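Reviewing the structure listed below.
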Amino acid sequence: LNYTFGNYGDTKFMNVSAIGGGFYSYNINKKVSGSVLIIGVYSPFTQFYDGRWWQSSTLIVPYSTWDYKITKTFKFNVSFSGVYELNKNMLNYQVLTGGKIMF
């Protein structure tokens, strides 16, 4: 459960939300491994002090990462994350690549 208050520009606001989710990591074989994280955010309202209300829906935040082991100390990584507004549309997403060095 989360309660947030602050300023959005010059306007004050407050928000109540609940967050829950799950995480799972896996190994496909000796070279490929990964993990999945899915979070749901339910925010019934945000109130702006000037009287405006914004009603949001439930947001789903998926995250998945895949590692490919190239050497004992280096892995190539691809990850995907985004924000989906339930029963509406994808708000944003990103695909990242990079390397991991293990010491």
Side-chain angles (χ1 to χ4, degrees):
L1 198 56
N2 180 52
Y3 174 73
T4 305
F5 64 93
N7 293 340
Y8 185 72
D10 293 332
T11 305
K12 294 185 178 189
F13 75 96
M14 69 176 175
N15 173 272
V16 175
S17 59
I19 301 170
F23 175 82
Y24 180 73
S25 62
Y26 51 87
N27 292 317
I28 292 178
N29 57 38
K30 287 183 179 182
K31 290 200 173 266
V32 179
S33 63
S35 62
V36 175
L37 171 69
I38 297 178
I39 297 172
V41 179
Y42 174 67
S43 181
F45 72 90
T46 299
Q47 180 185 19
F48 290 92
Y49 283 25
D50 62 0
R52 288 181 291 157
W53 286 74
W54 177 68
Q55 262 190 306
S56 66
S57 61
T58 301
L59 302 176
I60 305 296
V61 183
Y63 176 80
S64 178
T65 183
W66 294 76
D67 291 329
Y68 180 75
K69 188 174 185 179
I70 295 174
T71 68
K72 276 186 163 184
T73 58
F74 183 76
K75 292 181 181 181
F76 175 72
N77 176 269
V78 176
S79 65
F80 167 83
S81 66
V83 177
Y84 173 72
E85 190 173 10
L86 200 60
N87 299 322
K88 293 193 179 176
N89 58 1
M90 196 70 155
L91 298 178
N92 89 359
Y93 65 91
Q94 62 184 7
V95 177
L96 302 170
T97 63
K100 293 181 179 179
I101 297 174
M102 298 165 288
F103 295 100

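This one's a predicted model, so the numbers in the text were calculated from it and none came from an experiment.
Here the straight-line distance linking atom OG of Ser81 with atom CD1 of Ile38 works out to 12.5 Å at 0.5 Å rounding. Taking CG from Asn87 and OG1 from Thr58, the interatomic distance works out to 8.5 Å, rounded to the nearest 0.5 Å. Separation of atoms OH (Tyr42) and CG (Leu1) is listed at 11.5 Å; rounding is to 0.5 Å.
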Sequence neighbours left out, cut at 3.5 Å: what donor-acceptor pairs do the side chains of residues 60-76 make with other protein atoms?
residue	atom	partner	partner atom	Å
Ser64	OG	Trp66	NE1	3.3
Thr65	OG1	Asn77	ND2	2.6
Asp67	OD1	Asn77	ND2	2.5
Asp67	OD1	Lys100	NZ	3.2
Asp67	OD2	Lys100	NZ	3.1
Thr71	OG1	Thr73	N	3.3
Thr71	OG1	Phe74	N	3.1

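Linking Ile, Leu, Val, Met, Phe, Trp and Tyr whenever their side-chain heavy atoms come within less than 4.5 Å leaves Leu37 and Val78 in two separate clusters. Val16 and Leu86 fall into different hydrophobic clusters, where Ile, Leu, Val, Met, Phe, Trp and Tyr are joined by side-chain heavy atoms under 4.5 Å apart, directly or via other members. Both Val83 and Ile39 are members of a single hydrophobic cluster when ILVMFWY side chains are connected at heavy-atom separations under 4.5 Å.
Counted within 6.0 Å of CG on Leu96, heavy atoms from surrounding residues, nucleotides or ligands total more than 12; the atom is thus considered enclosed. No more than 12 heavy-atom neighbours from other residues, nucleotides or ligands sit within 6.0 angstrom of OH on Tyr93. Atom OH of Tyr24 is surrounded by 12 or fewer heavy atoms from other residues, nucleotides or ligands within 6.0 Å.
In terms of the ring-ring contact (aromatic ring centres under 6.0 Å, His included) criterion, Phe23 has no residue partners (sequence neighbours excluded). Qualifying side chain to side chain donor-acceptor pair (under 3.5 Å) partners for Asn89, counting only residues two or more places apart in sequence or in other chains: none.
Annotation for Glu85 and Leu91: closest pair OE1-CD2, 3.7 Å, computed over non-hydrogen atoms.
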